[in-house]
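Heads up: the structure comes next, in structure tokens.
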Amino acid sequence: MHSNKIGTLYVVATPIGNLQDISLRAIEVLKKVDRVAAEDTRHAMQLLNHFSINKPTLSLHEFNERERVGVLLAYLQQQGESVALVSDAGTPLISDPGFLVVREAKAVGIPVVPVPGPCAAITALSVSGLATDRFIFEGFLPAKEEARRQRLTLLRHEKRTLIFYEAPHRLLDTLQSMSTVFGSQRKAVVARELTKVHESVLAMDLAALIAWFTSHPDQQRGEIVILVTGAEEEKQHAKEVIPKEALAILLEELPLKQAVALASKITGERKNVLYELALSMKGNA
Ligand code: SAM
């Protein structure tokens with residue numbers, strides 16, 4: 001595919017465990033490109049060998065991505081080569097290297113073409129039984145307890161389904177932090193070893209998940225996605241109920257106007273709404 005033309009950067013998703021999940025198009029693209037940029041070249045070679053593909057590889061991992069960007073852009077721009085970017089598993093850039101390359105390639109007008117395929121987060125979500133209409137992907141949480149809790153605290157009231165990646169040796173600690181921050185009754189799902197022999201998807205509340213994994217240490221292995229159900233619809237009525245309660249207390253002690261002004265300050269509800277409410281409460285008294 002050498003030419004004077006600028007090359008194309010293909011972002012190619014690869015299986016997350018089961019090699020049969022590679023797409024026909026991914027194979028075709030890997031066969032036709034000039035070079036494969038891979039997170040781990042040995043790992044990529046295994047994949048390429050499996051499909052009898054023989055290509056020069058170039059490593060691109062989190063520690064050398066910055067310096068490799070220039071090299072890759074030179075292959076694409078100056079040599080007119082086409083390059084496939086793959087990671088160890090799943091979709092590149094999703095908790096994997098590749099962002100800098102894609103950003104820079106696009107900035108200089110190199111065509112960037114997706115070759116979609118597996119992604120552990122979406123695979124887990126699709127069988128989790130949790131709401132799929134709105135979700136957020138949070139990747140890996142910080143490894144340190146304090147930082148992890150802080151991050152989770154920011155997500156405490158998030159209503160969308162939450163998706164996290166986690167390393168097996170941190171599973172219990174993370175479930176524990178989630179239980180502390182989200183409450184032990186919050187429903188969650190631990191999806192392990194997806195598409196592999198020991199695939200399992202366990203849905204329980206956080207307390208039950210902690211108990212289960214504590215009593216099954218052999219199950220704390222492998223690759224893991226944790227999904228947590230979104231915070232319950234925050235009591236939509238909170239604004240109505242709390243202002244009403246505040247008003248009722250204040251009206252016992254204060255004139256109506258003052259009670260309304262204070263209730264508005266306390267609850268954030270608009271004064272005219274509270275005024276109407278106060279009048280109706282007085283009327284019913
Ligand atoms: N780019 C990948 C993707 O598209 O899913 C993710 C790469 S990230 C470095 C690796 C993490 O993804 C693992 O620690 C685990 O949380 C999750 N993961 C990857 N493969 C998985 C699998 N087969 N089952 C469950 N989780 C998996």
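For this chain, numbers begin at 1 and follow the sequence in order. Remember, it's 1-based here, ligands and their atoms both numbered in the order they're listed.
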Per-pair distances, ligand 1 N/O vs protein N/O, less than 3.5 Å:
| from | atom 1 | to | atom 2 | distance (Å) |
| --- | --- | --- | --- | --- |
| ligand 1 | 1 (N) | Ala89 | O | 3.1 |
| ligand 1 | 1 (N) | Thr91 | O | 2.9 |
| ligand 1 | 1 (N) | Ile94 | O | 2.9 |
| ligand 1 | 1 (N) | Asp96 | OD2 | 2.8 |
| ligand 1 | 4 (O) | Thr91 | N | 2.8 |
| ligand 1 | 5 (O) | Ala120 | N | 2.8 |
| ligand 1 | 5 (O) | Tyr165 | OH | 2.7 |
| ligand 1 | 16 (O) | Glu166 | N | 3.4 |
| ligand 1 | 16 (O) | Ile224 | O | 2.5 |
| ligand 1 | 20 (N) | Glu223 | OE1 | 3.4 |
| ligand 1 | 23 (N) | Ile16 | O | 2.9 |
| ligand 1 | 23 (N) | Leu194 | N | 3.4 |
| ligand 1 | 23 (N) | Leu194 | O | 2.9 |
| ligand 1 | 24 (N) | Leu194 | N | 2.9 |

With sequence neighbours excluded, tell me which residues meet side-chain hydrogen bond (donor to acceptor under 3.5 Å, both in side chains) with Thr132. none
Side chains of Thr174 and Glu166: is there a donor and an acceptor less than 3.5 Å apart? yes
Close aromatic pair by centroid cut-off 6.0 Å: Phe137 and Phe164: no
Can you list every salt bridge (charged side-chain N to carboxylate O under 4.0 Å, His left out) pair that touches residues 94-113, not counting sequence neighbours? none
What residues form a side-chain hydrogen bond (donor to acceptor under 3.5 Å, both in side chains) with Lys196, not counting sequence neighbours? Glu193, Glu223
Would Ser59 and Asn64 count as a side-chain hydrogen bond (donor to acceptor under 3.5 Å, both in side chains) if you check the C-alpha gap in whole Å, the side-chain angles of each, and the deciding distance to 0.1 Å? CA-CA 8 Å; Ser59 82; Asn64 73 358; 3.1 Å; yes
